[in-house]
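Have a look at the structure below before the remarks.
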Protein chains: 6
Amino acid sequence: MSEDFQPLDSGLIPRFAGVPTFMRLPQAEPEQVEVALIGVPFDGGTTNRAGPRHGPREIRNQSSMVRRVHHATGISPFDLVRAGDCGDVPTNPLDLGDSLDKIAAFYRRVREASAVPLTAGGDHLISLPILRGIATDGPLGMIHFDAHSDTYDSFFGTSRYNHGTPFRRAIEEGLLDPKRVVQIGLRGGISDASNFDFAKQAGIRLIFIEEFEARGVDEVMAEARAIVGEQPIYVSFDIDVIDPSFAPGTGTPEIGGITTREAQRLVRLLRGLDIRGADLVEVSPPFDQGGITALTGATMMFELLCVLADSIATRRPASAPQTMLA
Amino acid sequence: MSEDFQPLDSGLIPRFAGVPTFMRLPQAEPEQVEVALIGVPFDGGTTNRAGPRHGPREIRNQSSMVRRVHHATGISPFDLVRAGDCGDVPTNPLDLGDSLDKIAAFYRRVREASAVPLTAGGDHLISLPILRGIATDGPLGMIHFDAHSDTYDSFFGTSRYNHGTPFRRAIEEGLLDPKRVVQIGLRGGISDASNFDFAKQAGIRLIFIEEFEARGVDEVMAEARAIVGEQPIYVSFDIDVIDPSFAPGTGTPEIGGITTREAQRLVRLLRGLDIRGADLVEVSPPFDQGGITALTGATMMFELLCVLADSIATRRPASAPQTMLA
Amino acid sequence: MSEDFQPLDSGLIPRFAGVPTFMRLPQAEPEQVEVALIGVPFDGGTTNRAGPRHGPREIRNQSSMVRRVHHATGISPFDLVRAGDCGDVPTNPLDLGDSLDKIAAFYRRVREASAVPLTAGGDHLISLPILRGIATDGPLGMIHFDAHSDTYDSFFGTSRYNHGTPFRRAIEEGLLDPKRVVQIGLRGGISDASNFDFAKQAGIRLIFIEEFEARGVDEVMAEARAIVGEQPIYVSFDIDVIDPSFAPGTGTPEIGGITTREAQRLVRLLRGLDIRGADLVEVSPPFDQGGITALTGATMMFELLCVLADSIATRRPASAPQTMLA
Amino acid sequence: MSEDFQPLDSGLIPRFAGVPTFMRLPQAEPEQVEVALIGVPFDGGTTNRAGPRHGPREIRNQSSMVRRVHHATGISPFDLVRAGDCGDVPTNPLDLGDSLDKIAAFYRRVREASAVPLTAGGDHLISLPILRGIATDGPLGMIHFDAHSDTYDSFFGTSRYNHGTPFRRAIEEGLLDPKRVVQIGLRGGISDASNFDFAKQAGIRLIFIEEFEARGVDEVMAEARAIVGEQPIYVSFDIDVIDPSFAPGTGTPEIGGITTREAQRLVRLLRGLDIRGADLVEVSPPFDQGGITALTGATMMFELLCVLADSIATRRPASAPQTMLA
Amino acid sequence: MSEDFQPLDSGLIPRFAGVPTFMRLPQAEPEQVEVALIGVPFDGGTTNRAGPRHGPREIRNQSSMVRRVHHATGISPFDLVRAGDCGDVPTNPLDLGDSLDKIAAFYRRVREASAVPLTAGGDHLISLPILRGIATDGPLGMIHFDAHSDTYDSFFGTSRYNHGTPFRRAIEEGLLDPKRVVQIGLRGGISDASNFDFAKQAGIRLIFIEEFEARGVDEVMAEARAIVGEQPIYVSFDIDVIDPSFAPGTGTPEIGGITTREAQRLVRLLRGLDIRGADLVEVSPPFDQGGITALTGATMMFELLCVLADSIATRRPASAPQTMLA
Amino acid sequence: MSEDFQPLDSGLIPRFAGVPTFMRLPQAEPEQVEVALIGVPFDGGTTNRAGPRHGPREIRNQSSMVRRVHHATGISPFDLVRAGDCGDVPTNPLDLGDSLDKIAAFYRRVREASAVPLTAGGDHLISLPILRGIATDGPLGMIHFDAHSDTYDSFFGTSRYNHGTPFRRAIEEGLLDPKRVVQIGLRGGISDASNFDFAKQAGIRLIFIEEFEARGVDEVMAEARAIVGEQPIYVSFDIDVIDPSFAPGTGTPEIGGITTREAQRLVRLLRGLDIRGADLVEVSPPFDQGGITALTGATMMFELLCVLADSIATRRPASAPQTMLA
């Protein structure tokens, strides 16, 4: 569509050249785009190994490999919507509360600009202020890919806000409708048998890796789509849902995860849902090996962008033709 | 159960803090515990790339990520049995025979203390002196996960004791009953077409990766359980049975291996067997990438611990209630 | 067969010892062997990340792990054919055209010597001059394993020869019969929806990863074998067809690839075809992790060697018994 | 001296064996020792690259290489004082203030036990709560080795406590006497020409790397000793004072630093001073290369221990002979 | 000076945040700035290990650590001149000649804009087209820091243009005045005793590392300054002049190099010379360790920028006051 | 001299091409050469971190960077003597005694062939069997560069042969004359104050790093040359004498070592001595970073080769002119 919001042409400028933006897109303000690619370089919610503060930069770097057209679905997102790199939220590594406020404020602006945010984290706590910024019309549903439920309670006595708690807080704050939340890929030991009680009692559908493997991608996604329905949803993709052989660079790796083939198929099956925002979190470059996790993250962001772009273009009113938007 | 043998609470003490013991357990003497986690830092039996001497330390390090309760089986081992870190056997890197003697002596003590050993190697030769120490009531059966049969004969002319020979020697010494031995995951080129003759003639059941893939985890384990029966067995888990994409840090990697999802399911299906000891060997930190192999090893040790704890608790006489043991 | 063309015996000389040749074979001239293992250290056709110029050396290094007998097929290639390490083609990193000429000339000599080349690349452009050297009796068929079709056109304006174009050029030059070409494992975004038009219009059978996964290895290979028939073919194996978790060290990694178990099964199903040459390309050591990609490459070369050796031995006239050749 | 507080004997137990404590010393309570080796795994004060939370663990690991007797000074610290590994302070990675309180409380206990703390950080902010814990008898002098003055003011608006501010805060709180503070090795660009104003106005003696190089170790240390005099001092050693070629694993590396030969000589020249505590901070394992920074840190801690032990033994009253303490 | 050309404020936006430009400067056109920071991602002139094509990106990344004011000289370049990131020259990795043309054209434009270029390479061949672009008023002098003279002749028969020949070609083309060229830091074995003949006969002053070490930085630079005099010069800094312990990530490392302390002092002593351009080349990220070479490169670029800014500000006519330029 | 014993020409065959031999020399039998480059891939004498068994391979790999003529001394060794790669001694990683015998036998053959061995280790224990092989005409003197004296006694109770004892054993066996032995660069903590007693009492001259630094290379070497005199000597170079910033890949790194500039100057000052053999040991690739240690080792071997070649050529009888030898 808009010729102004196209990636650099790799047939003219090599992929290793140039200042790295997300997918080699132009830098933009949220008000200029329909899909805002945003970095949230924050890992102050991490209880063990820090590092995702460096995620946006390395995902940008590896996203130089992203191309224009999806080989399987045929979606060509840059022909469907205006997308741009809206930069990083200026977080504060020394102050968790200040960072949460800055993130929420940034996403309120994105929401007001009617742009759909596609975020590169950052640790998973960032999903909470993102939801605070965009869930302004009532609670959203959510499809959540993760090794962990992230609906735990406090750590270290008093710390209610950390990367294990965002969705408990979001439910408590009315940002998510737990009846319309599905979590896929859960696994790994837990600290206490009661760890999933909150999620279950709230009505979240938890799909552990064993059930996922037994039923397969298609059946699981059919159920997930039925649960969230046609109402607006958020999509949160924690890179640790993918097995550490594909994505070692993350803070809480759990062996026995999903493959990238499964991950790609899962995301493609989001097509048609009313997605109001998506994030890809927990890429931790200091623990990565040769950039493979950032590459996986960048590629999954492209998968997400394709369904987002399709969703936006499909829902765009006929009276506002896409060719007019540029 | 015993409040004295509990891991550090990660809700109070971060996982990166503290002197790293296996699974953050207290250090203990074999006489104090029901399951003795032991390191055997020895790789003097290695014919090619050394390194597993550093295995116990890095497995301890990565085992800081281990938690309390198994997410799929619900087993909470530290509530079922007393388990502790019994330290490393003081091996001698300059003298293979001296090391074999020291290891065997250590495990005799463990056996006399009626503790079940769960060992982190070390190269695979260590299974031989472990068996010498614990197979004191007649030959054991064995379920053996490995890319290699390790029933070869000598190397370099006269070296009968190396990491390719432990189970041939164990059979010759009457420590294992070959009719009750199953080897799962075999693959990789061989030096000579006769390499498996000893194993086959002795009556070992060899399950190559191709058969494994064709039949699947459940069917393979059903057969394995039938073969070993209800008599006492040993479990030996060579990390190289897992594909090098998940576990690159090992001395003799063979592509085309099992996945960690398969590995976890295999070990869970050991539940209920009468396991008298288990080892996890051939983690080689100098060839690891970012600790992923040690993390895989530590997680598989937790899987093994769960079935061991369940086995011990189930067999514990009613007259010696678990709550009395503390 | 020939005692003169045997790998070093690892029971006498450790695998870490000695000047590393391919599979520890003797160095040889093409005229001395039936299978010529050749390195082509060239990456001047690479549009993004260079590195495969270092591929032959690291594949040689890792091929020290290769053994004599295939565990699943029982093929013992060094008992079937004379194979030797014929060294590296002396490429010119500063001059693409000069390198293409030198490579083609080298392979013409191999062809004239009636040796079957098994090549370690190098980037994928090298397949073009190899075909120029060996396709002297008319166009060959090809089974091609790759994430990319490599039938694109020019880059950067005028550069018709690069690692994305070899098979377009080969078809244009009459070296390949596109009706007898099958490409397996394709995936990854594309620059333009028309990227596959040339391949499709030429009659190449493109099998994307999604179709591959849906139908499985056996069915895909049955079709591929039917397409290429009994006429002579070339086999080209780009390491990037394998998922980057198994083979990160490559210039254009694409997530969601095939596993090594699938890759090994694919190659084994080449058995019986009339293979006139094979290559394994795009191993890029500077981007590898601990040599795992080179190890995967070396092992896949052994898989290829087994089918090549079997093919040669099977087709060898009864009047020229293999035992006479030594 | 005390036979109870001796490192493991590497002539009996290999250096790679055993649970890694600092210098292979016994674990101990502060009340049991004269020198308390303590880890403070905290990096919540880091403005850029986190990681030193993992410092204590890796320094313990590398300190397995530490031996008993100093080759140049002949000091044998374990024969002079009781030293033990007093574990890690249980910091809170989610709450900076809580962590500062916990650290200060721990060091008050150490102080009350009359043990001299030798600390492995952690980022440099930890020096502040350490000083709060031990500077109970009035302000201390300090010899401070660092690339940075760490007397800056707030970051990100309101964050007065971070790894660039500890000594400004310590001076403001009366924990340090700035007239008796010397900073050695300063270098690297600054954000504003006024960055050193506070330090200069307070009376700190700043010795930049250029002056250090011009005058040499001996002259610089002679001046430093004259400034701090015979009154009690603290020693703070930021690993980034050493050039990143020797110590790459740190959050704010600055090229052009001191060599390890210079660093060792600097620390040896602390001998005889009345040192009440010392720390070695900013070792950041996620950014280290093969453990070289942690090894450098562990070795520098041994150098510090030697001067501490000598200082303690020298000052010990004749009526409390060292041989009685065991 | 110009408030429009200031780096991001690290007191507001953390150094890990944001799209990485050189030194966090605004992106700009050459016509907007006095100093143009430019990347030339090209390594097609490399005879052995490629990689510097990735140099500009990683130098940008590491240059996030650069600050505003030089700690030793007090120069604050962003207060003296307008400097911006002018992006990368769109080189062609498949065509050496095309790349040389594109680079030369880009620098002609820079020259016409009266901006002084400060370049991040790229391999050393790029200095040739840079000189073609800027040496438009007659030959320049040059101070050249390098382990190699780079005045050799052809490689591989016919390849006259490669990273070992730029300055021979530049002299032949009249771009450099060899009588005003000084090369500092030369070392490493040579292919033939005649390798330096061209340089010597042309009148270049070659200062080998042995002479450098014997005479010291100050004396060497005094001579160099005398040789080049007050006429315009170019400064070329090959990262391999620095010892590989400080800068391992380069294509042709030579042990026994200069230290970073020496390197910084050398560059500071360029102050006052009439420098018309400078480059920092041969940073090769695929061979780097943890970014240390790119960090060294970025820091040396800041050192170069300081002397460039000082040179420009000093020579700026009084009638065009600096405060007017913004 | 001999055209048959020349390295591959890097102007024709790129340095990354070809099977890697030492310095790209032809493979040869000891009887064919005057200087025999030999690998001894053995680390069975290592008490802590194994790895030097992989040293010869990686040194060969990195030695592809070696060129023909020494830039400072002008020595062109391949014009002075016939040198070839005589392969690796076939050691036995499972049997220390067997390995010692095989090594000694190999070097007896070298000695009988009148070739001077230049060895790449392997751990330092290999110097003992080398001396057994070549010290056939009475004890040799030795100049020994090392961080450690390697004259200690047994480890782990009974192990008299390990990499800390070779020179004690060599003295006891009459292979070395301790009065003509100089050790340079000693440092690092020791296990007991008596550790150097044997060396001192035997009459070895020990030069610690502190004395070395105080006196400088020239003065130290003048004394060393005076001590060994004009009688035959052996030169042993342990890579750990060099600081770990330059050579991290070694089993027992000690900070505070010599620089490569110092190391090169030290070796150059061996010129003129009657050197009967030299080794470079303890390069441990599994602990190396990017090959820098192997590169340092390969370069130091070239430095050693230059003095060896000069020594041989100088001593060659006039009646056997060098041009006749080819």
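Note that the coordinates shown come from a computational prediction; the quantities given were computed from them, not determined experimentally. Naming convention: chains lettered A, B, ... in sequence-line order (proteins, then strands); numbering from 1 in each chain.
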Is a side-chain N or O of D:H71 found less than 3.5 angstrom from the main chain of F:G188, in a donor-acceptor match? yes
When the 4.5 angstrom heavy-atom criterion is applied to D:Q289 and chain F, the contacting part is both
Is F:D192 close to D:R68 at the side-chain level, that is, under 4.5 Å between some pair of heavy atoms? no
Need one label for F:F287: side chain, backbone, both or neither, based on atoms under 4.5 Å from any heavy atom in chain D. neither
Can D:M300 and F:I255 be said to form a side chain to side chain contact (heavy atoms under 4.5 Å, CB included), step by step? CA-CA 9 Å; D:M300 293 310 300; F:I255 69 168; 4.0 Å; yes
If the plane angle is over 60° it's perpendicular, under 30° parallel, otherwise tilted; pick one for F:F246 and D:F246. perpendicular
Report the distance from atom CZ of D:R265 to atom CD of F:E210, rounding to the nearest 0.5 Å. 8.0 Å
Specify which of F:D288, F:N195, F:L186, F:D243 makes the most heavy-atom pairs with chain D at under 4.5 Å. F:D243
Part of F:E211 within contact of chain D (heavy atom distance under 4.5 Å): neither
So for D:T296, is it side chain, backbone, both, or neither that comes closer than 4.5 Å to the heavy atoms of chain F? both
Below 4.5 Å, heavy-atom pairs only: which of D:S245, D:S64, D:G74 has the largest tally toward chain F? D:S245
Do you know which of D:R15, D:H70, D:E262, D:Q264 has the most heavy-atom pairs with chain F at a distance under 4.5 angstrom? D:Q264
Nearest 0.5 Å please: distance from the OG1 atom of D:T260 over to the CD atom of F:E254. 11.0 Å
Heavy-atom distances under 4.5 Å only: say whether D:L12 touches chain F with side chain, backbone, both or neither. backbone
What part of D:T259 is in contact with chain F, defined as an atom under 4.5 angstrom from a non-hydrogen atom: side chain, backbone, both or neither? neither
Specify the closest pair of heavy atoms between F:T252 and D:M65, including all atoms of both residues, with the distance to one decimal. CA-CE, 3.9 Å
Is there side-chain contact between F:P253 and D:I292, with at least one heavy-atom pair below 4.5 Å? no
With distance as the sole test, does D:R67 use its side chain to make a donor-acceptor pair with the main-chain N or O of F:I190 at under 3.5 Å? no
Please classify the contact between F:T47 and chain D as side chain, backbone, both or neither, with a heavy-atom cut-off of under 4.5 Å. backbone
Side-chain heavy atoms of F:I209 within contact of D:R261, under 4.5 Å: yes
